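Read through the structure below, which is laid out as C-alpha cells, and then see the notes.
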Amino acid sequence: MENFKNQLSYEIRKTYSTSNPNLLNLSDLNSFIQFGYPEDVIAEYKNFTKFAFPIAYPFKNIRVKGSTLLNLGSGIGLDSIAAVREGAEKVIEVDISETFILEGIKHPNIMKIIGNIEEINFKKKSFDIILMNGSMNIILDKLSLISKSNYALKSRGLLIISDLFTEHKFDECIKDIDAWCWCLGGCITIDKMIAIAEKEGFLLLSKEEYEQVEKFKRVRFLFKKC
Ligand SMILES: C[S@@+](CC[C@H](N)C(=O)[O-])C[C@H]1O[C@@H](n2cnc3c(N)ncnc32)[C@H](O)[C@@H]1O
C-alpha cells in the first residue's frame with residue numbers, strides 16, 4: 001500500500017506538469033462553456049485551459065460571494081479565479097504539481113500551496129467552502145480526506161465534489177497507476193460517495209448528473225456540514 005501510494009504521488013507529479021509533453025488535452029474551449037464556465041473567464045484565461053481538467057463548473061447555483069474557499073487539487077487554478085469572479089473573498093489552493101501552482105493563474109486573492117492534500121492539515125473551522133473538482137478520484141483514503149474537510153469547514157460550510165462516478169462497483173483498473181492519475185482507477189459509485197460523506201457528518205444538498213461515457217458519469221455533489 002505504502003509503495004503504491006508513493007508511486008502514485010510520483011506519477012501524479014509527472015502527469016500533471018506543464019513540462020509533460022504527453023499531457024492529454026481533454027477539453028476544447030467549447031466544452032468549458034458547455035460545462036458551465038463563464039465565457040468571459042474562459043476567454044481571458046484561454047491560454048491556461050490546456051492545463052485544466054475540470055469535471056463540471058463547481059459554482060452553479062451556489063453563493064460564493066464573501067466566502068473563504070479551499071480548492072483541493074486546484075491544478076492551474078481555473079476554479080480559483082472563477083470563485084474570485086463569483087465574489088469569493090479569499091481562495092487557498094493546493095496542488096501537488098509544482099509547475100501547475102507556480103505557473104498557474106495568479107491573483108491577489110488567491111493563495112497557492114504546493115503540497116499533497118492527503119498530508120496537509122488545515123485549521124479547524126477555517127473555510128466556508130471546500131472544493132474538489134476532479135481530484136477526489138485520485139485520493140486513496142477518501143474517508144480521511146472527507147473527515148479532514150469536515151474539520152476544516154465552518155458550521156454549515158459547503159463541500160463541492162465533482163468527479164467521475166459509476167452506478168456499480170468498479171475495480172477493473174484499481175491497480176493501474178495511469179488510470180488512477182486520470183480519475184478512473186479510484187472511481188467509486190455514486191452511493192458510496194454519498195455514504196462516505198454522510199458518515200463524516202455531511203448532508204447531501206444536491207447531486208447533478210451529467211453525461212455518461214461508457215461506465216462513467218460526470219457528477220457534481222453539493223454537501224453541507226451538519
Ligand atoms: C483532474 S486534475 C483537476 C485539476 C483542477 N481541479 C481543474 O479543474 O483543472 C487533478 C488535479 O489534482 C492534483 N492532485 C492529485 N492528487 C493530489 C494530491 N494528493 N494532492 C494534491 N494535489 C493532487 C493533480 O496534480 C491535478 O492538478
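Just the heavy atoms: all of them, side chains too, but no hydrogens, waters or symmetry mates, feed the values below. Counting starts at 1 for both ligands and their atoms, following the listed order. Predicted model, so just to flag it, every value in this text is computed and none were measured.
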Say whether Ile12 and ligand 1 are in contact under the criterion: heavy-atom distance to a ligand atom below 4.0 Å. yes

Shared hydrophobic cluster for Leu145 and Val219 (ILVMFWY, side-chain gaps under 4.5 Å): yes

Would you say that more than 12 heavy atoms from the other residues, nucleotides or ligands in this model lie under 6.0 Å from the CD of Glu214, or not? no

Under 4.0 Å between heavy atoms, the region of Phe100 that gets near ligand 1 turns out to be side chain

Does any N/O atom on Asn116 come nearer than 3.5 Å to any N/O atom on ligand 1? yes

Which protein heavy atom lies closest to atom 13 (C) of ligand 1, and at what distance to 0.1 Å? Asp95 OD2, 3.2 Å

Roughly how far, to the nearest 0.5 Å, is CD1 of Ile55 from SG of Cys183? 5.0 Å

Plane angle bin for Tyr16 and Trp182 - parallel if under 30°, tilted between 30 and 60°, otherwise perpendicular: tilted

Polar contact flag for Cys183 and ligand 1 (N/O pairs, less than 3.5 Å): no

What is the ring orientation for Tyr37 with Tyr57, classed by angle as parallel under 30°, tilted 30 to 60°, or perpendicular over 60°? perpendicular

How close does the nearest protein non-hydrogen atom get to atom 20 (N) of ligand 1, and which residue and atom is it? Ile117 N, 2.9 Å

Numbering the atoms of ligand 1 from 1, which are under 4.0 Å from a heavy atom of Ala52? 9 (O)

Any side-chain to backbone donor/acceptor pair from Lys148 onto Ile120? Under 3.5 Å, distance only. yes

Using a 4.0 Å cut-off to any heavy atom of Ser135, which atoms of ligand 1 qualify? 12 (O)

If you take the nearest heavy atom of each of Gly134, Gly77, Ser74, which one is closest to atom 5 (C) of ligand 1? Ser74

Is there a polar contact between ligand 1 and Gly73, counting only N or O atoms under 3.5 Å apart? yes

Charged N to carboxylate O below 4.0 Å: is that the case for Arg218 and Glu211? yes

Quick check: closest heavy atoms across Ser162 and Asn133, and the distance to 0.1 Å? CB-OD1, 3.4 Å

Ion pair present between Glu86 and Arg63, side-chain N to carboxylate O less than 4.0 angstrom? no

Would you say Ile139 has any N or O atom under 3.5 Å from an N or O of ligand 1, going by distance alone? no

Enumerated ligand 1 atoms positioned under 4.0 Å from heavy atoms of Gly115: 20 (N), 21 (C)

If you scan protein heavy atoms around atom 22 (N) of ligand 1, the nearest is Ile96 N, 3.1 Å

Nearest non-hydrogen atom to atom 9 (O) of ligand 1 belongs to which of Tyr57, Tyr37, Phe53, Tyr16? Phe53

Would Asn133 count as a polar contact of ligand 1, with the cut-off being nitrogen or oxygen pairs under 3.5 Å? yes

